[in-house]
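Step one of this worksheet: look at the structure below.
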Amino acid sequence: MKLFKVPEPTIMRLSLYSRVLEQMEERGIPVISSVELGDAVGINSGVVRKDLSMFGEFGVRGVGYNVRELRDNIRRLLGQDRTWPIVVIGAGQLGSALAAYPGFRQRGFDITALVDVDAAKIGTDVQGIPVLSWDEATNMIQEKEIKMAILAVPAEDVQATAQKLVDLGIEAILNFSPVILKLASVQVQNVDLTVFF
Ligand SMILES: NC(=O)c1ccc[n+]([C@@H]2O[C@H](COP(=O)([O-])OP(=O)(O)OC[C@H]3O[C@@H](n4cnc5c(N)ncnc54)[C@H](O)[C@@H]3O)[C@@H](O)[C@H]2O)c1
């Protein structure tokens, strides 16, 4: 496959396609057309065809795409064919719920630990995932070369915490805290669930 930079909206659509293809594969469906895939994710089939053209010509005109082959290609492109260790910062209600969600692991994201400053939480676990102090987490992030973090701390702690993560070598942050992070040289995705209502 060619190496190229895929635009962010395309990446978002690819992960939707990947999810639909996963369900198709589970149901034993071998082939899917661009119209069916478009209908399943609510996107025009022309956009689907354009997105998928980056994988070359393996779609068969008038027949469709091989479900497994397409899914494997998309997974590879999205980096879902390997495991990414992640730390969750903040073992509160949100951080604990995210850590307990099994879907992350199914998609190759392995939540290795939670980190908290609350002595009552440090040393406990969330469904087997340990809650560490910053000292413990600092060692672990460096030893395991963890590059991704989820931020679920109160607003006032966000900027300093994010900077600490960058200094530890974190390269991508999914930020749930209600602060728009200003950071150079790292990928930040700010998530506000209320936006989706
Ligand atoms: N984006 C969204 O849609 C969305 C939804 C819900 C909550 N939130 C935000 O997520 C954050 C967490 O919410 P919550 O309900 O889990 O809060 P919470 O109070 O239950 O948990 C916050 C946790 O962070 C810990 N903490 C504080 N400072 C820390 C630091 N420097 N390092 C590590 N841990 C630290 C606290 O001890 C606590 O355990 C808040 O900022 C909240 O506004 C966002």
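Atoms within each ligand, like the ligands themselves, are counted from 1 in listed order.
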Approximate separation, where rounding is to 0.5 Å, of I32 CD1 and R71 CZ: 12.5 Å
Please name the pair of heavy atoms, one in S177 and one in V153, separated by the smallest distance, quoted to 0.1 Å. OG-O, 2.8 Å
Can a donor-acceptor pair be found between the side chains of D167 and Q163 at a distance below 3.5 Å? yes
So what's ligand 1 close to, N/O to N/O, under 3.5 Å?
{"from": "ligand 1", "atom 1": "1 (N)", "to": "F176", "atom 2": "O", "distance (Å)": "2.9"}
{"from": "ligand 1", "atom 1": "1 (N)", "to": "V191", "atom 2": "O", "distance (Å)": "2.6"}
{"from": "ligand 1", "atom 1": "3 (O)", "to": "L193", "atom 2": "N", "distance (Å)": "2.7"}
{"from": "ligand 1", "atom 1": "16 (O)", "to": "Q93", "atom 2": "N", "distance (Å)": "3.0"}
{"from": "ligand 1", "atom 1": "16 (O)", "to": "L94", "atom 2": "N", "distance (Å)": "2.7"}
{"from": "ligand 1", "atom 1": "20 (O)", "to": "Q93", "atom 2": "N", "distance (Å)": "3.0"}
{"from": "ligand 1", "atom 1": "28 (N)", "to": "D157", "atom 2": "OD2", "distance (Å)": "3.0"}
{"from": "ligand 1", "atom 1": "32 (N)", "to": "W134", "atom 2": "NE1", "distance (Å)": "2.9"}
{"from": "ligand 1", "atom 1": "37 (O)", "to": "D116", "atom 2": "OD1", "distance (Å)": "2.5"}
{"from": "ligand 1", "atom 1": "39 (O)", "to": "D116", "atom 2": "OD1", "distance (Å)": "3.4"}
{"from": "ligand 1", "atom 1": "39 (O)", "to": "D116", "atom 2": "OD2", "distance (Å)": "2.6"}
{"from": "ligand 1", "atom 1": "39 (O)", "to": "K121", "atom 2": "NZ", "distance (Å)": "2.7"}
{"from": "ligand 1", "atom 1": "41 (O)", "to": "V153", "atom 2": "O", "distance (Å)": "2.8"}

For D116 and A91, indicate whether the former's side chain and the latter's backbone hold a donor-acceptor pair under 3.5 Å. yes
Ignoring hydrogens and angles, tell me if any N or O in the side chain of T138 forms a donor-acceptor pair with the backbone of W134 under 3.5 Å. yes
With L165 as partner, the option from L183, V186, V115, I170 fulfilling side-chain contact (heavy atoms from CB on, under 4.5 Å) is I170
